[in-house]
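Here the structure comes first, spelled out in structure tokens, and everything after it is commentary.
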Amino acid sequence: MEPALIGTRLASAAIGPLLKKLLVSEGPGAGLVRKDAEVRLSGLVSFRGEKRTLTEKDVRKLAATLVERSRRGDGEPPFPADETEAVTDALAANLLALGDLDMDDVQAVRLGHRDLARRLRAAAPAPDGLSTDSVLYLETMTEWACLHILEFFTSRSTFIARSLVEQTRAQAELLAKMDEVIRRTPPAETRDEAFERRYLAHLAKKHGRLTIYGVDLHHSPDEWPLDTAYLSLEATGGEGAPEAPGRQREQPSVRADLALARHDKVLLRGLAGSGKTTLVQWLTISAATEDRAGGMAYLRGRVPFVLPLRTLTRHGERLPSPDRFLSAAGCPLTPPEGWTDRVLAAGRGLVLVDGIDEIPEAERGRARDWLRDLLGAYEGNRWLVTSRPTAVRDDWLAPDGFTELTLAPMARTEVATFVRRWHRAAGPDAAVYEQPLLDSLRTAEHVAQLATNPLMCGLICALHRDRRGFLPRGRKALYEAALSLLLSRRDRERDMGAPTGLVLDEAPQIQLIQRLAYWLTLNGRTQMDRAHAASIVTEAVPAVPEASAYPPDQVFTHLLHRSGLLREPTADTVEFVHRTFQDHLAAKALVDHWDIGVLVRHAADDQWEDVIRMAVGHARPRECAEILRELLSAADAAEDRRVRLRLTLLAATALDHATELSPEIREEVLRRTGEVIPPRDADEARQLAEVGPLVLGLLGGSEELTATEAFNSVVTASHVPADAALVYLARFTRHPSLTVRSQLVWSWFRFDPRSYAEEIVAHLDRTDLVFTVRLDAQADELIRLGLSHPLLDIGGRVSADRVAALLSLCDPVYLRLERSDGQDGLPVPLPARLEELELDWYGSETPVDLAPLAALPHLHSVDTYGPVIGTEHLPPRIRFQSF
């Protein structure tokens with residue numbers, strides 16, 4: 001029978017008086033004067049203790065009465081009639097168990113009638129031989145009885161008073177315990193804040209300085225303040241969108257250090273030496289210090305975690321959980337327990353994972369799983385992952401919400417800025433070399449081709465000054481000159497003598513250090529144990545006569561501390577100061593040993609691309625021809641088209657490194673390259689551009705290509721930093737495809753602003769074309785040439801006065817305007833004809849007042865990225881969206 005039906009048959013008015021016979025009535029008060037202060041159930045029941053008024057026989061009679069009354073009425077009986085006596089005995093046993101429970105009435109009420117019934121059933125003998133219906137009835141009847149018993153308890157005046165006393169005592173005890181906990185343990189917030197101040201100060205000191213290669217000559221310091229030496233570079237998310245009807249505009253570039261202001265998760269690709277690690281340093285100190293540069297205020301309150309993967313996995317360890325972030329990265333500070341978890345759980349973290357490409361390819365999947373686990377556990381943080389361009393596929397982190405950006409090669413204007421800063425940092429003696437180097441970068445194509453990233457720019461500046469204004473030709477010659485500068489001339493020109501107790505010329509040092517480079521490259525590493533490095537040098541010393549005169553450990557110490565090529569990131573590890581030097585010396589070792597099979601087996605591995613190209617540069621003519629033939633054979637054997645393209649282009653890009661090569665081999669490589677031209681997509685287009693100016697003669701003309709082929713060919717040419725590229729690009733200025741012409745405008749920053757404006761921009765068909773202006777120099781050229789255009793996209797680096805001049809010249813109907821934190825708000829006056837407006841106030845915490853937009857009669861669309869106010873003043877005709 002259902003419990004509700006039993007409750008209907010046993011009305012409260014009937015069962016209450018019966019059950020109260022079980023309980024002793026007491027006078028008012030909390031009973032505090034009794035000998036036993038607790039009010040025990042055994043003292044409340046009338047069939048226990050000295051005042052027994054109800055015998056066990058009476059309880060059994062009471063149970064029989066309850067059972068008999070519950071069986072009355074129409075309908076199905078609750079249990080078989082032949083089990084009535086057994087059920088009565090079991091119920092009586094449960095009620096008798098009330099006197100055996102060691103708890104007071106307050107505890108019983110807190111327990112509840114169901115749990116109290118379970119206690120009674122557990123204390124009473126288990127019923128034996130009852131049917132399922134009888135057992136269910138017994139459970140329900142016991143609960144029903146307990147409900148009325150508890151109701152009786154709560155109606156007693158002593159219970160109410162007793163409850164208040166117990167509550168007061170419990171609160172007093174709890175407060176005393178809490179006071180003791182607080183006294184013994186400072187609040188987590190206080191400990192966290194104190195530690196964060198120490199941690200951020202440590203990061204600011206550790207990452208606040210930057211090595212500028214070549215400045216460490218004579219009496220100059222080895223490092224420079226990062227805020228003085230840092231050069232902000234551009235990053236882009238792609239080369240354009242597919243063509244579609246209507247006006248189009250490519251995805252604009254963004255300052256790399258502001259990418260995380262727009263996107264909370266970024267995968268940033270960049271070539272060796274392009275500034276990825278320097279960017280990580282810049283973001284770290286921007287978050288760790290109060291004095292933030294323009295636009296970096298978005299990092300306020302963020303706690304950086306710098307995680308260089310080469311360090312975290314140097315011994316094959318598993319990637320760390322958050323509680324090991326600091327220790328795994330070599331931070332000497334010990335955080336409060338759970339601090340990292342609290343920071344990430346609050347969404348305040350800035351997680352900087354540097355160098356996916358610097359761990360073996362086989363371990364990258366594990367690194368992605370590790371990263372996904374972190375992303376799943378912690379939301380609201382900002383994440384940056386860096387990698388070389390081809391280390392992972394394009395969609396490697398796309399399912400996890402990462403925006404993929406690529407560090408753009410340094411534009412001519414950025415190279416000029418770097419050169420000026422370098423010479424200022426180098427001191428007054430270097431000033432005389434500044435302008436001649438700037439002139440060389442404009443007129444000497446082989447120099448300009450090398451100056452594409454901060455590392456190469458720094459080496460060029462150093463060698464130019466060191467050689468009194470003369471530079472070597474070619475990449476191999478440049479590295480060899482840099483090695484000579486670092487290995488043999490630095491200490492001599494600084495009058496250092498022999499601080500390690502020995503003197504070694506350049507050649508024996510290279511012979512020994514290239515052994516380390518060979519081991520690291522062969523094992524897919526950029527870092528090795530210090531003991532292992534020492535053992536490699538020790539084994540090689542006897543074969544190098546000039547070095548064999550010294551103890552091997554002394555030779556190793558000299559190489560480590562004086563060569564300028566090696567460093568110790570931690571006390572027990574060794575690495576090259578930059579991956580490029582490792583690749584150059586590993587290539588030399590491979591050629592010396594003539595391990596051509598090793599080169600070809602790794603030809604499809606992105607970590608070996610530079611090694612193979614440099615090996616061609618080191619090889620003699622016959623060896624060089626053999627390497628190139630083997631690369632082409634490997635391309636023929638590859639089943640995947642991307643692998644075939646990669647190997648073919650690798651052979652093509654190696655051509656410029658060859659000092660001497662038979663015409664037959666060169667023609668065969670160029671013929672094979674022609675088979676993959678025109679490129680099929682933007683990714684292939686960028687790979688083709690690595691061939692250099694040679695590829696321009698292979699690309700098709702405007703009339704013979706489809707719109708897609710024309711776009712991809714323009715992408716290729718726009719990535720070739722040579723004046724010859726302008727001649728090719730000029731053939732597409734009247735192309736009917738809007739996407740092709742948009743690519744021409746967007747690529748302006750890669751070339752000299754004036755030359756490009758005169759040869760390309762001035763001749764463009766401007767129908768439906770959005771003019772992208774990213775630099776003051778570009779704005780100056782538009783103004784100088786009087787190129788008025790109604791569709792404008794103005795980047796955040798364009799100064800306020802240039803913005804005003806452009807708007808006055810063009811009076812646009814469409815405007816996209818980027819500003820960074822600290823720059824002016826809306827330009828004044830606003831364009832009178834403006835119809836569509838996009839505002840991107842990236843990284844800004846100061847809202848922009850949109851109220852003045854209400855006065856523009858033709859404006860019908862406003863999209864904003866960043867904080868704004870005054871939207872209530874916009875009339876209904878203006879569609880407003882905020883992202």
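Bear in mind the structure is a predicted one, so any value in this text is a computation, not a measurement.
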Residue pair R114 / E139, side-chain heavy-atom distance below 4.5 Å: no
Are the side chains of P78 and M141 in touch, meaning some heavy atoms are under 4.5 Å apart? no
Between A261 and Y298, what is the shortest heavy-atom contact and its length? N-CE1, 3.5 Å
Step-by-step side-chain contact (heavy atoms from CB on, under 4.5 Å) determination, V67 to F79: CA-CA 10 Å; V67 170; F79 56 85; 3.7 Å; yes
Would you mind reporting whether S286 and D257 have side-chain heavy atoms less than 4.5 Å apart? no
So, are D400 and R372 salt-bridged, with charged N and O less than 4.0 Å apart? yes
Are there over 12 heavy-atom neighbours, none belonging to E85, within less than 6.0 Å of that residue's CD? no
Classify the ring geometry of W370 against F325: parallel below 30°, tilted from 30° to 60°, perpendicular beyond 60°. perpendicular
Taking L130's backbone N and O only, do any of them form a donor-acceptor pair with S134's side chain (distance below 3.5 Å, no angle check)? no
Are any side-chain N or O atoms of Y199 and backbone N or O atoms of P304, one a donor and one an acceptor, separated by less than 3.5 Å? yes
Kindly compute the distance separating CD1 (I285) from CG (L200), expressed to the nearest 0.5 Å. 12.5 Å
Do you know the tightest heavy-atom contact between G355 and T386? N-OG1, 2.8 Å
State whether D354 and K276 are salt-bridged, where the test is any N-O pair (Lys NZ or Arg NE/NH1/NH2 against Asp/Glu carboxylate O) under 4.0 Å. no
Answer yes if the side chains of S131 and E83 hold a donor-acceptor pair under 3.5 Å, and no otherwise. yes
Quick one: pull up OG1 in T403 and CG in D264 and give me the separation to the nearest 0.5 Å. 7.5 Å
Can L258 and M296 be said to form a side-chain contact (heavy atoms from CB on, under 4.5 Å), step by step? CA-CA 7 Å; L258 297 178; M296 305 305 293; 3.8 Å; yes
For residues L375 and F402, determine if any side-chain heavy atom of one lies less than 4.5 Å from a side-chain heavy atom of the other. yes
Is there a donor-acceptor pair under 3.5 Å between the side chain of N381 and the backbone N or O of L350? no
Correct closest heavy-atom pair for G349 and R302 would be O-NH1, 3.4 Å
For side-chain contact (heavy atoms from CB on, under 4.5 Å), just list the numbers for L299 and L283, CA-CA rounded to whole Å, side-chain angles, deciding distance to a tenth of an Å, and then say yes or no. CA-CA 8 Å; L299 294 177; L283 293 172; 4.1 Å; yes
R879 and S861 side chains, donor-acceptor separation under 3.5 Å: yes
List the atom of P847, the atom of I869, and the distance in Å for their closest heavy-atom pair. CB-CG2, 3.8 Å
Kindly indicate whether the side chain of P322, heavy atoms from C-beta on, has any atom under 4.5 Å from the side chain of D341. no
Could you tell me if the side chain of V385 sits less than 4.5 Å from the side chain of L397, heavy atoms only? yes
Is the closest side-chain donor-acceptor distance between S321 and D323 under 3.5 Å? yes
Between NE2 on residue H202 and CG on residue L333, distance to nearest 0.5 Å: 5.5 Å
In Å and rounded to the nearest 0.5 Å, what is the CG to OG distance from D863 to S882? 9.0 Å
Nearest heavy-atom contact between L260 and W383 is CD2-O, 3.4 Å
In this structure, CD of Q881 is separated from OG1 of T871 (nearest 0.5 Å) by 13.5 Å
Sole candidate of V351, L319, V280 that passes side-chain contact (heavy atoms from CB on, under 4.5 Å) when paired with L307: V351
Min side-chain heavy-atom separation R262-Y865 under 4.5 Å: no
Nearest heavy-atom pair of R364 and I356: which atoms, and what distance? NE-O, 3.4 Å
Below 4.0 angstrom, N of the basic side chain to O of the carboxylate: do R318 and E363 qualify? no
Rounded to the nearest 0.5 Å, the CG atom of L138 sits from the CD atom of E143 at a distance of 10.5 Å
Quick one: do V303 and E196 satisfy side-chain contact (heavy atoms from CB on, under 4.5 Å)? Show the steps, please. CA-CA 8 Å; V303 178; E196 279 183 27; 3.9 Å; yes
Please confirm whether the backbone N or O of G380 pairs with a side-chain atom of R348, one donor and one acceptor, at under 3.5 Å? no
Can you confirm whether E872 is buried at CD, in the sense that more than 12 heavy atoms of other residues, nucleotides or ligands lie under 6.0 Å from that atom? yes
State, yes or no, whether a side-chain contact exists between F305 and T284 at a heavy-atom distance under 4.5 Å. no
